[in-house]
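Just so it is clear, the values below take in all heavy atoms, side chains as well, and ignore hydrogens, waters and symmetry mates. All residue numbers in this chain count up from 1 along the given sequence.
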Amino acid sequence: MQIPNWRQHYTELFDRMAAALDFECDLTVEFITHRFTPGSRDVLQQWYPNTSLDFDEATRAVKRNKFGGVKYVYQPEDMRTLRQFFYEEWQKRFPNAPVQYWT
């Protein structure tokens, strides 16, 4: 998620992960960005009325599935920035641990 200072926070998280996983292991990763449907947004806002999650449709790109359903995802430029950061930072710490999935 693109929270304030997200690069710093995720860099620190990756550093902590690298320190904790400092041994031989079979490791893969999946990166899933924050996305929402109108239905999931409504449920989460009912369950967590004080949430600070960003549900602003105006700042998101629309992605449709084959049945016409709508999902709100980060804008393409934001996705490229996130993907580049996550892949680079992950590979610095875990060069033998492939990224299995990005969305």
Side-chain angles (χ1 to χ4, degrees):
M1 293 179 14
Q2 287 184 307
I3 60 174
N5 302 312
W6 65 267
R7 284 181 180 89
Q8 174 190 341
H9 293 299
Y10 285 115
T11 297
E12 292 170 1
L13 175 63
F14 284 147
D15 288 344
R16 290 194 316 266
M17 292 169 62
L21 296 170
D22 189 21
F23 55 89
E24 189 68 33
C25 60
D26 184 16
L27 184 64
T28 62
V29 69
E30 297 180 357
F31 293 119
I32 302 172
T33 59
H34 180 247
R35 56 207 39 248
F36 61 91
T37 65
S40 68
R41 177 200 54 221
D42 294 345
V43 167
L44 289 170
Q45 288 177 324
Q46 288 174 7
W47 288 354
Y48 308 101
N50 297 319
T51 185
S52 60
L53 286 174
D54 176 15
F55 289 116
D56 184 0
E57 295 174 6
T59 64
R60 299 297 184 108
V62 174
K63 188 174 181 180
R64 295 191 180 274
N65 67 23
K66 63 183 176 182
F67 304 108
V70 172
K71 184 183 299 184
Y72 294 93
V73 299
Y74 286 119
Q75 293 289 340
E77 181 59 32
D78 294 332
M79 288 293 277
R80 281 189 291 276
T81 299
L82 287 162
R83 184 178 180 145
Q84 180 179 356
F85 171 84
F86 277 87
Y87 272 70
E88 286 177 3
E89 294 300 318
W90 181 259
Q91 287 304 301
K92 282 181 196 175
R93 291 161 186 85
F94 305 104
N96 297 317
V99 176
Q100 296 290 338
Y101 185 74
W102 168 268
T103 187

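The stretch residues 61-82 participates, sequence neighbours left out, in these salt bridge (Lys or Arg N to Asp or Glu O under 4.0 Å) pairs: Glu77-Arg80. Judged as a salt bridge (Lys or Arg N to Asp or Glu O under 4.0 Å), the pairs with a partner in residues 8-32 (not counting sequence neighbours) are, in order, Asp15-Arg93.
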Could you walk me through whether Tyr74 and Thr81 satisfy the side chain to side chain contact (heavy atoms under 4.5 Å, CB included) test, starting with their C-alpha distance in whole Å, then the side-chain angles of each, then the deciding distance to 0.1 Å, before giving a yes or no? CA-CA 10 Å; Tyr74 286 119; Thr81 299; over 6 Å; no
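Considering only heavy atoms from C-beta on, Leu21 comes within 4.5 Å of Phe23 through its side chain. Inter-residue side-chain proximity for Tyr10 and Leu13 is flagged as met; some heavy-atom pair is nearer than 4.5 Å.
Taking CD of Gln91 as the reference point, atom CG of Asn96 lies at 8.5 Å (rounded to 0.5 Å). To the nearest 0.5 Å, atoms CD (Gln2) and CD (Gln75) are separated by 10.0 Å.
Although no hydrogens or angles enter the test, the distance criterion places no donor-acceptor pair under 3.5 Å between the side chain of Thr28 and the main chain of Val99.
In terms of the ring-ring contact (aromatic ring centres under 6.0 Å, His included) criterion, residue partners of Phe94 (sequence neighbours excluded) are, by chain and number, Trp90. Residues passing the ring-ring contact (aromatic ring centres under 6.0 Å, His included) test with Trp6 are Phe85, sequence neighbours excluded.
In the hydrophobic cluster analysis, where Ile, Leu, Val, Met, Phe, Trp and Tyr join through side-chain heavy atoms closer than 4.5 angstrom, Val73 is grouped apart from Phe86.
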Which donor-acceptor pairs under 3.5 Å do the side chains of residues 54-62 make with protein atoms, sequence neighbours left out?
unit_1: Asp54; atom_1: OD1; unit_2: Asp56; atom_2: N; d: 3.0
unit_1: Asp56; atom_1: OD1; unit_2: Ala58; atom_2: N; d: 3.0
unit_1: Glu57; atom_1: OE1; unit_2: Tyr72; atom_2: OH; d: 3.3
unit_1: Glu57; atom_1: OE2; unit_2: Arg41; atom_2: NH1; d: 2.2
unit_1: Thr59; atom_1: OG1; unit_2: Asp56; atom_2: O; d: 3.0
unit_1: Arg60; atom_1: NH1; unit_2: His34; atom_2: O; d: 3.0
unit_1: Arg60; atom_1: NH2; unit_2: His34; atom_2: ND1; d: 2.8
unit_1: Arg60; atom_1: NH2; unit_2: Asp54; atom_2: O; d: 3.3

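Side-chain heavy-atom separations under 4.5 angstrom define the hydrophobic clusters, and the remaining members of the one that includes Tyr101 are Ile32.
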